[in-house]
There are 2 protein chains.
Amino acid sequence: MQMKSVMPVTAVEVKTACSQCNLRELCLPFGLDPAEVDQLDEMVGSRRKVKRQQHLYRSGDPFEAIYAIRAGSFKTDVILEDGRDQVTGFQMTGEVLGLDGISTENHSCNAIALEDSEVCVIPFGRLEELSRQVEGLQHQFHKIMSREIVRDHGVMMLLGSMRAEERLAAFLLNMSQRFTARGFSASEFHLRMTRDEIGSYLGLKLETVSRAFSRFQEEGLVAVQQKHIRILDTPGLKRLLNHHAG
Amino acid sequence: MQMKSVMPVTAVEVKTACSQCNLRELCLPFGLDPAEVDQLDEMVGSRRKVKRQQHLYRSGDPFEAIYAIRAGSFKTDVILEDGRDQVTGFQMTGEVLGLDGISTENHSCNAIALEDSEVCVIPFGRLEELSRQVEGLQHQFHKIMSREIVRDHGVMMLLGSMRAEERLAAFLLNMSQRFTARGFSASEFHLRMTRDEIGSYLGLKLETVSRAFSRFQEEGLVAVQQKHIRILDTPGLKRLLNHHAG
DNA sequence: AAATCGTATTGATGTGGATCAAAGGGCCCC
DNA sequence: GGGGCCCTTTGATCCACATCAATACGATTT
């Protein structure tokens, strides 16, 4: 029998290969030709495994690299002096973490693994260097940053002007869409985060999240069993969002 | 007598000069040497005047350029199908507008002038081109995008976990800090936006904003006269933020 | 299979901010 | 410099979500 295969957080020497990665359509290599992807491969320093609940980086850490999620998922959060915290996002495979660190050379939020995960470490200086040579990489990187800004505006809209059930509906539809983009079922998935974390992200208390789930279940919109979600009526959820009249 | 002086939005031919601009420490030229600033000058296509209440761009418009605010101020907002809208930001001189458009090649929000304003039009294709040649420009641009992401996270924190008075205190301190960075008084300034717009940005109704202003006034934290604000007790406002205990 | 602990559900009550409503400015345009 | 309009303030009432509290569930350990 093998040793337990779970290892502590380490930068392993395994050579990464974007060209072989099934996430390349979502990630930095998107739109690059094979030769350019090879250049990217060379630049990606290493992979790093992060166990559930461990930090990939913390607020205040010096910024050196951005990270592409190869396996698993993360949350990012911001913490105030008085202890209040806010989840600012949930990230899945192919998404990029660490962009917040560019502005001040220090990270401004915490990134925590929701499950045992693995990231590709992309040293930022080298990314900028290669972006100066490879136009397609430069553009894709800019698109990824811009996408983050647009996503954040969506969350601001959600937090600023939606009611609890609308927020949860938006959240579920968003998760569904992202699972779909990764080749998983749009209607059935497993949430990696707790009700408390969902609540923090949506600006609600965990009890409110739980009650909204129960209401959706009563109304036949979803089947909920703890973290396992089955969406039964996607149009119904969308209706909840668009027609504000309750 | 002249014709009505309100003109349609136009791109004027006046040559811009970043090297002469007193905003260069806040804007794209930051950190560049004089020769590089000259290259940037050459790239900036034109200026454009935008009158109060007019759109610089609208959600859905094709993305071609980003804009540096040379004079005046703007708000950006997002509008849902059902009519609800959310102000996602207020922008002042030296700040950059339009980054939301990179991700899909279309703008995803509206940018509206709060007063008669002027922007420098920076064709995005040429910015990317020059960024490939000028390392300092590339890095400054990345910092500006990252700063926007960090700012958005701050707003998410505000919307997700602060009470009304905390939100307004954070808003006032933020405005004060940005006026200071532009050489204006930290303690006395003129807000260009209405209570309704402030409310939309802070996820509150205009009445709540008004009441919070009145409360601050009663408590001697600020002197409010319509849009004219005088901050009397900055530490007091900061205390409101950090010590959540009422 | 029992014990433990984090997570989730559900109920009862409280409250901050929304909503509804009515005056008051201030400013722009004629 | 008068009239109209938008913006703001303030008061009274309402309601969605928070808070407090108890229980239930599931996974893991023993």
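Chain A is the first sequence line, chain B the second, and so forth, proteins listed ahead of strands; every chain is numbered from 1.
- Each of Gly203(A) and Arg52(B) was assigned the nucleotide of DNA chain D with the nearest heavy atom; the assignment lying further toward the 5' end belongs to Arg52(B).
- Phosphate proximity of dG17(C) to Thr208(B): absent, as no side-chain N or O sits under 4.0 Å from OP1 or OP2.
- Pairing each heavy atom of His55(A) with each of Arg48(A), the nearest pair is O-NH2, 3.6 Å.
- Judged purely by atom type and a 3.5 angstrom limit, Glu197(B) uses its side chain to pair as donor or acceptor with the backbone of Thr194(B).
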- Please step through side chain to side chain donor-acceptor pair (under 3.5 Å) for the pair Asn106(A) and Tyr57(A), ending with a clear verdict. CA-CA 10 Å; Asn106(A) 287 94; Tyr57(A) 56 79; over 6 Å; no

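- Comparing the local axis fitted to the first five base pairs of the helix from dA1(C)-dT30(D) to dC30(C)-dG1(D) with the one fitted to its last five gives a bend of 50°, rounded to 10°.
- Comparing dG16(C), dT8(D), dT19(C) against the side chain of Thr194(B) picks out dT8(D) as the nearest.
- Remark: C1' of dT9(C) and CG of Asp196(A) are 14 Å apart, rounded to the nearest angstrom.
- Of the two residues contacting DNA chain D, namely Gln226(A) and Val209(A), the nearest-nucleotide position lying further toward the 5' end is that of Val209(A).
- Rounded to an integer number of Å, the gap from His190(A) NE2 to dG26(D) P is 13 Å.
- For a distance-only test at 3.5 Å, the side chain of Arg195(A) fails to qualify as a donor-acceptor partner of the base of dG6(C).
- Of the candidates dT7(C), dT9(C), dG17(C), the closest approach to any side-chain atom of Leu204(B) belongs to dG17(C).
- If you check distances only, the side chain of Glu207(B) does reach the base of dC20(C) with a donor-acceptor pair under 3.5 Å.
- In this structure, Phe179(B) and Phe184(B) have perpendicular ring planes: the angle between them is above 60°, well past the 30° mark.
- Taking atom CG on Leu191(A) and atom C1' on dA8(C), their separation rounds to 13 Å, with Å as the unit.
- Counting to the nearest Å, the P atom of dT10(D) and the CD atom of Glu218(B) are 8 Å from each other.
- Rounded to a whole Å, the CD1 atom of Ile198(A) is 12 Å from the C1' atom of dT7(C).
- Classification of Arg151(A) and Glu148(A) as a salt-bridged pair holds, one side-chain N sitting under 4.0 Å from a carboxylate O.
- A salt bridge between Arg52(A) and Glu115(A) is absent, with no side-chain N of the basic residue lying under 4.0 Å from a carboxylate O of the acidic one.
- Considering only side-chain atoms of Lys227(A), the nucleotide from dT10(D), dT7(C), dG16(C) that sits closest is dT7(C).
- At a cut-off of 3.5 angstrom, the base of dG11(C) holds at least one donor-acceptor pair with the side chain of Arg211(A).
- Separation of the Tyr201(A) and Phe90(A) ring centroids falls under the 6.0 Å cut-off.
- Out of dC7(D), dC17(D), dT10(C), the shortest distance to the side chain of Ser214(A) is found at dT10(C).
- Look at Glu95(B) and Arg147(B) and you find no salt bridge, because none of the NZ, NE, NH1 or NH2 atoms lies under 4.0 Å from a carboxylate O.
- Taking atom CE of Met162(A) as the reference point, atom C1' of dA18(C) lies 18 Å away to the nearest angstrom.
- The CD atom of Gln225(B) sits 12 Å away from the P atom of dG25(C) (whole-angstrom rounding).
- Between Leu206(A) atom CG and dC20(D) atom P the separation is 13 Å, expressed in whole Å.
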